[in-house]
Amino acid sequence: MKELLIRYQAATLAAFQQQRSGETRLGETLQFADATLPLTDALRLAKAAGVRYVLLGIPEDIGPRANFGNGGADLGFQAFLKRFINLQANDFIDGRQILLLGEIKLQDLQQQSVALQSQDVEQLATLRSLCSQIDDRATPVLRAIFDAGLIPLVIGGGHNNALPLLKALAQSSGSQVNAVNLDPHCDFRLQEGRHSGNGFSYASALGYLNRYFVLGLHELKNSATALAQLQDAGAAYCSYQDLYLHQRCTFDEAVAEAIRFVDQQQTPVGIELDTDSISLMPVSAFTNCGVSVREAERYVYQLAKLPQSRYLHLAEAAPAQHPAGLAAGMSEAGQVLTALVLAFIQARNQ
């Protein structure tokens, strides 16, 4: 499995880690997998040492581009790390519970995709084939994390990576799984080759996904075909319009509805968040009409309190898409992604 994963060590953080006399930063307290051991053994050892959460990056933008979207999601994990590791280490968070595993090895696929254009039929097919290869690389790494009884916090890349997460969790648990997704798009497009818009439709068709709830779905950003497939799959949603235009419910009430829909005793639950649901976030599909960062944090926090919540997936952050440029995008994306990860950890540690 070594060829599928770039394992991080403390030295990996040196370029990003800030130092200040008299202070300890979170990055100095994180745990790292033993590089001399097979991954399954290293994860078991980390679990025995008190680790609960595993940070994993998926640095790719192939999925969004294969869905006719913008690139840049390959930098989401790097933006997160620069912010996260420089938080203060104090009594509010225990870095010894967090394993910084590394990133799925995707540089070769990214390089093959650089010149490909989605407007060209043959090149689009190649992008979608590369996206399928990402599935193949991510799934066994995620399966190993789940099998070790650890909780993956997956950051970066497109929402195509929901499929390997749902597949790995279903295989590890031996049952179908449920998911809630904060997203203006239901990502239930046709199974036309893999991309960021059909992770959940593939997961449903392949038998991995059972109950699925979309929070904040935009009524006019989803095709009639996708909505029909969503209905046929028995999924549910609360639309952006219901929340903010018709005001048929509050955001907290909508989150509670989502929890009721997926809360089935011991059925594992995945927490999905497409960051293009957040207003003004630098993402693959920028929007002015979304939820606030505070609401997104609240969503993660409430779902994470479910005992059967088994992962957090933060997709589509694309720092280069910030109107003020890459540096501003790295800073803003990193700050928001960090806040969402903290919301998850603090909910679980209550």
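At least one test fails for R310 against the ring of F146: distance under 6.0 Å to the centre or angle within 45° of the axis.
In this structure, the side chain of S309 engages the main chain of L303 through a donor-acceptor pair within 3.5 Å. N86 contributes a side-chain N or O that, together with a main-chain N or O of Q18, makes up a donor-acceptor pair within less than 3.5 Å. With hydrogens and angles ignored, the 3.5 Å screen pairs a side-chain donor or acceptor of E60 with a backbone N or O of G158. Here the side chain of S196 pairs no donor or acceptor atom with the backbone of N67 at under 3.5 angstrom. Remark: side-chain polar atoms of E316 are paired, donor with acceptor, to backbone N or O of H159 under 3.5 angstrom. A donor-acceptor pair under 3.5 Å is formed between the side chain of Q229 and the backbone N or O of F188. For R137 (side chain) and K105 (main-chain N/O), a donor-acceptor pair under 3.5 Å exists by modelled atom type. Proximity of a side-chain donor or acceptor of S201 to a complementary backbone N or O of L190 within less than 3.5 Å is not detected. Between the H218 side chain and the L220 main chain, a donor and an acceptor come within less than 3.5 Å of each other. In this structure a side-chain-to-backbone donor-acceptor pair under 3.5 Å is missing from R25 to I85.
With hydrophobic clusters built from ILVMFWY side chains whose heavy atoms lie under 4.5 angstrom apart, M281 shares a cluster with F80. In this structure, L75 is not a member of the same hydrophobic cluster as I6, with clusters built from ILVMFWY side-chain heavy atoms closer than 4.5 Å. Both V300 and Y53 belong to a single network of hydrophobic side chains, linked directly or stepwise wherever heavy atoms of I, L, V, M, F, W or Y lie under 4.5 Å apart. By the criterion of side-chain heavy atoms lying less than 4.5 angstrom apart, applied directly or through intervening Ile, Leu, Val, Met, Phe, Trp or Tyr residues, Y208 is not grouped with L169; the two fall into different hydrophobic clusters. Residue I62 is not grouped with residue L124 when hydrophobic side chains (ILVMFWY) are merged at heavy-atom distances under 4.5 angstrom, including chains of intermediate members.
Other residues, nucleotides and ligands contribute over 12 non-hydrogen atoms within 6.0 Å of the CZ atom of F213. Atom CD of Q119 has more than 12 heavy atoms from other residues, nucleotides or ligands within 6.0 Å. Other residues, nucleotides and ligands contribute at most 12 non-hydrogen atoms within 6.0 Å of the CD atom of Q231. Within 6.0 Å of CD in Q111 there are 12 or fewer heavy atoms belonging to other residues, nucleotides or ligands.
Nearest heavy atoms, R83 versus G334: CG-C, 3.4 Å. Taking both residues in full, the closest heavy atoms of R7 and L39 are given as NH2-N, 3.1 Å, listed atom of the first, atom of the second, then distance. Nearest heavy atom pair, residue T139 against residue P164, reads OG1-CB, 3.3 Å. Here the closest heavy-atom approach between residue R194 and residue L163 is recorded as NE-CD2, 3.2 Å. Of all non-hydrogen atoms in A317 and T275, the two that sit nearest each other are N-OG1, 3.1 Å.
Between L273 and I278 the shortest side-chain heavy-atom distance falls below 4.5 Å. Within the 4.5 Å cutoff, side-chain heavy atoms of F251 are placed close to those of E295. Side chains of T12 and L100 form no contact here, defined as non-hydrogen atoms less than 4.5 Å apart. Between Y311 and L166, the closest side-chain pair of non-hydrogen atoms falls below 4.5 Å. Residues P184 and L217 are not in side-chain contact: their nearest non-hydrogen atoms beyond the backbone lie 4.5 Å or more apart. Residues Q112 and L109 are in side-chain contact: their nearest non-hydrogen atoms beyond the backbone lie under 4.5 Å apart. In this structure, the side chains of V180 and F261 stay at 4.5 Å or more apart for every pair of heavy atoms. In this structure the side chain of V214 never reaches within 4.5 angstrom of the side chain of D187, judged on heavy atoms.
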Steps toward side chain to side chain contact (heavy atoms under 4.5 Å, CB included) verdict (L314, V336): CA-CA 10 Å; L314 305 177; V336 173; over 6 Å; no

Taking it one step at a time, do V255 and R298 satisfy side chain to side chain contact (heavy atoms under 4.5 Å, CB included)? CA-CA 9 Å; V255 172; R298 184 70 177 166; 5.8 Å; no

For I134 and N161: C-alpha separation, side-chain torsions, deciding distance, then whether side chain to side chain contact (heavy atoms under 4.5 Å, CB included) applies. CA-CA 8 Å; I134 296 171; N161 297 308; 3.4 Å; yes

Evaluate salt bridge (charged side-chain N to carboxylate O under 4.0 Å, His left out) for D276 paired with K221, printing each intermediate quantity in order. CA-CA 12 Å; D276 69 14; K221 293 183 178 179; over 6 Å; no

Take Q110 and D74 through the test side chain to side chain contact (heavy atoms under 4.5 Å, CB included) and record every step on the way to the result. CA-CA 9 Å; Q110 276 290 117; D74 54 315; 3.9 Å; yes

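Between Y244 and Y240, the ring planes lie tilted relative to each other; the angle falls in the 30° to 60° range. By the 30° and 60° cut-offs, the orientation of the rings of F200 relative to Y212 is parallel.
For the atom pair OG1 of T225 and CG of L230, the computed distance is 12.5 Å after rounding to the nearest 0.5 Å. Rounding to the nearest 0.5 angstrom, the gap separating the OG atom in S173 from the CD atom in Q266 is 11.0 Å. For the atom pair CG (D135) and CG (N160), the distance works out to 7.0 Å, reported to the nearest 0.5 Å. Put simply, CG on L26 and CG on L87 are 6.0 Å apart, with the number rounded to the nearest 0.5 Å. Here the CD1 atom belonging to I58 is positioned 6.0 Å from the CG atom belonging to L165, to the nearest 0.5 angstrom. For the atom pair CD1 (I155) and CG (L340), the distance works out to 9.0 Å, reported to the nearest 0.5 Å.
Look at D263 and R260 and you find no salt bridge, because none of the NZ, NE, NH1 or NH2 atoms lies under 4.0 Å from a carboxylate O.
If you check the side chains of Q308 and N178, you find no donor sitting under 3.5 Å from an acceptor. In this model, a donor atom of one side chain and an acceptor atom of the other lie less than 3.5 Å apart for E272 and H313.
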